[in-house]
Amino acid sequence: MQFVDEASIIVEAGNGGNGCLSFRREKYVPKGGPDGGDGGHGGTVYLIGDDALNTLIDFKYQRFYKAQNGQPGMGRQMSGRAGEDLHVKVPVGTTVIDEDTLEVIADVTEIGQVVPVAQGGRRGLGNIHFKSSTNRAPRRTTPGTEGERRNLRFEMKVMADVGLLGMPNAGKSTLIRSVSAAKPKVANYPFTTLVPNLGVVQLGLHEHFVMADVPGLIEGASDGAGLGLRFLKHLTRTRLLFHVVDVAPFDESDPVEAAEAIIHELGEFSPALAELPRWLVLNKLDLLPAEEREAVADKIVRRLGWEGPVFRISAISSDGTDALVQAAHRWLTEQRRLENEDEEAAERAREMRVRMEDEAVARTEARLGRKRKRDDEDDDDFDDDDFDVEVEYAP
C-alpha cells in the first residue's frame, strides 16, 4: 500500500430542515390552528482516530465528505428527522489544519478520539411556535441554517517509540530490517527511502517497541531541502532517537561533519526535538579493518564531544544490534515506569511533547504560508493589463 502522509479534503455538514407552515384541517373541527412542525438538525462531521489505518491514501481518491441534511417539518406538529452525523476515520497521529486560516483544529493522538470538524445546521421552527392570543393563524416560520463547510488539510505523523535519524545511506533501513519484520527498500545509493517505515521490534511474547525509519536528511533540511522538512515532523512523536552515523562513507566524506550537520538541522527544525534523548549509533564498522574499528569509533566520539550512549554496530550482519535494542527496551520501560509513578516526570514528558508539537505545527504553517504566497505570485489568469501595450477592440 502506498504511504501518504498529507492530504486535503472538503467537509460539509448537513443543512437544517425548514420549519413547516401548516394548519389543522379536520372534519368536525370548526377552528383548526397552526400545527406546522420543526425541521430536523443537520448532521455534523466528526473525525475519529482509528489504529487500523496507517496512511492517508483514501483521502487522495475521495476528497468530499458531506453529512446528511435534516428533513423539513411536516403538518400535525411532526418534526423532520435529524440528518445522520458523518464519522470519518483517520489514522492516529493525524494533525487537522484549516486550509483557509492555517489554524490547527485538532491533533488526533488516541484510538477512538472523536473531533467535530463541521457543525450541522440548526433546525427551522414551524408556525406552531408563533401562535399567540393576538395571532391565532401565524404564517411565520424560520428556515434551517446551512451546515458548516471547511477545507481541511491532514498531516499524519507516525506513532513510534524510537526514531532513526541520519544522512542518506547511513544504514537506517538496513538497521530496521535487521531488528524487525519491516522490509524497506535497501540499495547502494542515497535516498532509497522515500517514505517513513515502521517496524515492530519483538523482544519477547509481550515485549516490543515500534521503530520508525524516516528518509535521510541533508544540509538545509529544516528549510525544505531534500525530503527533510516533510518528514522531520514524524520524529516529534518518538521518545528516543538513534542517530545513525556511517563510519565509512562510500564518498569518503567526513562522518563527523555529517553528524554535526544532522544535529544542526534537528535544532533548526525544532529546539525541543533536539533535546529529545539521542543515542549515537556508529554503523558499518564491518567495512573497516578489524584493527582500526575501535580507533575510528573513538575518534568520531571524541571529535563530536559526545557524552551520551554510544553503540557500535554493523546492521547488515546484525553485529551489536541485539545489545542496542535490548538497551532501548530497558530505557523505554524505565521511562514509562517513571511517568506512571512520578507526576513531575509525567508532566515534563507532556511539556516536551507539547513543545515539539507546537514547533512542528509552526513549521507546517510557515511552509503552507510560503506555498500559498508562491501560488498567488504564480497566478496566470489573463488580464489586459498583463502586457504593456494598447489593446484596441474592433467594432
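The structure presented is a predicted model; accordingly, all values stated were derived computationally and were not measured.
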Does a side-chain N-to-carboxylate-O contact under 4.0 Å join [X] and [Y]?
X: E292; Y: K299; answer: no
X: R350; Y: E347; answer: yes
X: D35; Y: K131; answer: no
X: D246; Y: K284; answer: yes
X: R293; Y: D298; answer: no

### Message
How close do P91 and L56 get, counting heavy atoms only, and between which atoms?
### Response
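Closest approach of P91 to L56, heavy atoms only: CD-CD2, 3.5 Å.
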
### Message
Quick check on side chain to side chain contact (heavy atoms under 4.5 Å, CB included): which of V179, T238, V200 does M211 satisfy it with?
### Response
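With M211 as partner, side chain to side chain contact (heavy atoms under 4.5 Å, CB included) holds for just one option, V179.
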
### Message
Using side-chain contact (heavy atoms from CB on, under 4.5 Å), reason through L165 and L266 one step at a time and then give a plain yes or no.
### Response
CA-CA 9 Å; L165 181 71; L266 203 62; 3.8 Å; yes

### Task
Using only heavy-atom distances, determine whether the side chains of S314 and D286 contain a donor-acceptor pair under 3.5 Å.
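A donor-acceptor contact under 3.5 Å links the two side chains.
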
### Task
Could you check whether the rings of F154 and F59 sit parallel, tilted or perpendicular, using 30° and 60° as the cut-offs?
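Taking F59 first and then F154, their aromatic rings stand perpendicular (interplane angle over 60°).
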
### Query
Which word best sums up how the rings of F242 and W279 line up, parallel for under 30°, tilted for 30 to 60°, or perpendicular for over 60°?
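Parallel.
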
### Message
For the NZ atom on K60, are there more than 12 heavy atoms of other groups (residues, nucleotides or ligands in this structure) within a distance under 6.0 Å?
### Response
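Yes, because the 6.0 Å sphere around NZ of K60 holds more than 12 heavy atoms from other groups.
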
